[in-house]
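This report refers to the structure that appears directly beneath it.
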Number of protein chains: 2
Amino acid sequence: MSDRVIGRLSVYRRLLHGLRDSGVQSVYSHQLASMAGCTAAQVRRDLMAVGYSGTPTRGYDVSALLASIGAHLDAPEGQNAALVGVGNLGRAILAFFAGRRPRLSIVAAFDSDHYKTNRVIQGCRCYPVEDIAQVVRNNRIEVGIITVPATEAQEVADRLVGAGVRGILNFAPAALRVRPDIYVETMDITVSLEKVAFFARRGAPKKEMAR
Amino acid sequence: MSDRVIGRLSVYRRLLHGLRDSGVQSVYSHQLASMAGCTAAQVRRDLMAVGYSGTPTRGYDVSALLASIGAHLDAPEGQNAALVGVGNLGRAILAFFAGRRPRLSIVAAFDSDHYKTNRVIQGCRCYPVEDIAQVVRNNRIEVGIITVPATEAQEVADRLVGAGVRGILNFAPAALRVRPDIYVETMDITVSLEKVAFFARRGAPKKEMAR
DNA sequence: TAGATTGTTAATCGATTAACAATC
DNA sequence: TAGATTGTTAATCGATTAACAATC
């Protein structure tokens, strides 16, 4: 299943949660499409990919669809993540995810500044970066979040991968070199802002939903 | 010029700045490609798009290339941005961009919390959200950065667009509905983290550089 | 039944990749 | 000159879009 499909499924899930909380029991593809900002055909194709079928008269059952998407996206036994770099951005992300997702939780933070280590920040225990190998192994951490300066990002990535991390969400403005079996997603705020600034001047191109 | 090309040009530019600071005068497409995490053919195609030609023996001249990319990406007279939502993430972004880019600067912040307004936060003046229309117009702000909760994002987007903003970088987990001539880029951290978690379990798909 | 929606297939579109001639 | 690199063209690949039959 492709990169983009997974991203859209994640979006659908959040929307479906909202619908279920509002008491909505079924939904049509075009409704989801309108809320997610994509096409109805895309929605139907994506939902077929998770093996769930709708019915022509009722559309898709919200609860059953949530279960199907969850079965595809979530690890049954849950997954643990670690964040490296407790600066402004790191703290913001810790605060955002603290106790939010039962199936995917940030269980450890790391920093090289000893004024930050060995205490709890935004609800998350902060360790020295030297302990990455040990803490990642002990806690079966599979996902790493990198919020250190660009100059340190590659070294941190190497440590994380060496300790067993298989996927990295990278906020540092640097292209990480990792083994081909490691998944890296780089969120480059500077690049995104420059893109927005460019198209703010030049006019928006045909819309697209990449995620 | 497409969305992705602009993103890659922004990456090349940062790399070229680093090279120039190190005293490097010329560079080959495969060198840039290796640093940017894309293919040499992509680099050559992208650089042709900005109208700069290399030479077979020397490759591309770093300084001249920087000038060409800048001429395409930057507004000659500079551009102003505003950030709405001075929470943890908002402050992190303000701190990151404070006084960094002469051609693209965050000149105003907004928040609905009156304990935050009418003072300077991370080097940026913070106004009440009610003043968006006035401040955006007075400062010729074209770019908006949304770091408010999802429930408020659409209202903030409407205010920004109404005041004249043409491009939005949206960190709220919500699909914004705006006029088709407005460019919106949504950076959804939750979606990205779920993608990383998924591929950490399932194994990375063929690599791609979207930005 | 009638009709809107679903799932399937074929056509289109865009971007990437590969092959090759041009160049310093 | 020789050779690696550039710029150009054609082929490939993937995803999206459009058209249509199936269904409740």
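Predicted model only: the values in this text are computed from it and were never measured. The sequence lines fix the lettering, A, B, ..., with proteins before strands; numbering per chain opens at 1.
Between A:Y60 and D:dC24 there is no side-chain polar atom (N or O) within less than 4.0 angstrom of OP1 or OP2. In terms of phosphate contacts, B:S53 brings a side-chain nitrogen or oxygen within less than 4.0 Å of OP1 or OP2 of D:dG7.
Comparing D:dT5, D:dT16, C:dT17 against the side chain of B:P56 picks out D:dT5 as the nearest.
No contact: A:R58 has no heavy atom under 4.0 Å from any strand.
Between the P atom of D:dA15 and the CZ atom of A:R45 lies a distance of 9 Å, rounded to the nearest Å. Whole-Å rounding puts the A:M48 CE to C:dT9 C1' distance at 11 Å. Atoms NE2 (A:H30) and P (C:dG7) sit 13 Å apart, rounded to a whole Å. Taking atom CD of A:Q42 as the reference point, atom C1' of C:dC13 lies 14 Å away to the nearest angstrom. Between the P atom of C:dT8 and the CG atom of A:L47 lies a distance of 13 Å, rounded to the nearest Å. Atom-to-atom, CD of A:Q31 to P of C:dA4 comes out at 15 Å; the value is rounded to the nearest Å. Rounded to whole Å, atom P of C:dT6 lies 13 Å from atom CG of A:D46.
Inspection of the B:R58 and B:S26 side chains reveals no N or O donor paired with an N or O acceptor under 3.5 Å.
By the 4.0 Å N-to-carboxylate-O rule, A:R13 lies close enough to B:E194 to be salt-bridged with it.
Of the two residues near DNA chain C, A:V27 and A:T57, the one whose nearest nucleotide lies more 5' is A:T57. A residue-by-residue look at B:T55 and B:R44 shows that B:R44 has its nearest nucleotide of DNA chain C further toward the 5' end.
Among all heavy-atom pairs drawn from B:A98 and B:Q122, the shortest one is CB-O, 3.8 Å.
In this structure a side-chain-to-backbone donor-acceptor pair under 3.5 Å is present from B:Y28 to B:T57.
Screening A:D111, A:T147, A:I93 for a side-chain contact (heavy atoms from CB on, under 4.5 Å) with A:V86, the sole residue that qualifies is A:D111.
Pairing partner, D:dA11: C:dT16, with both Watson-Crick or wobble hydrogen-bond distances short of 3.5 Å. Remark: D:dT23 base-pairs with C:dA4. Criterion, Watson-Crick or G-U wobble with two distances under 3.5 Å.
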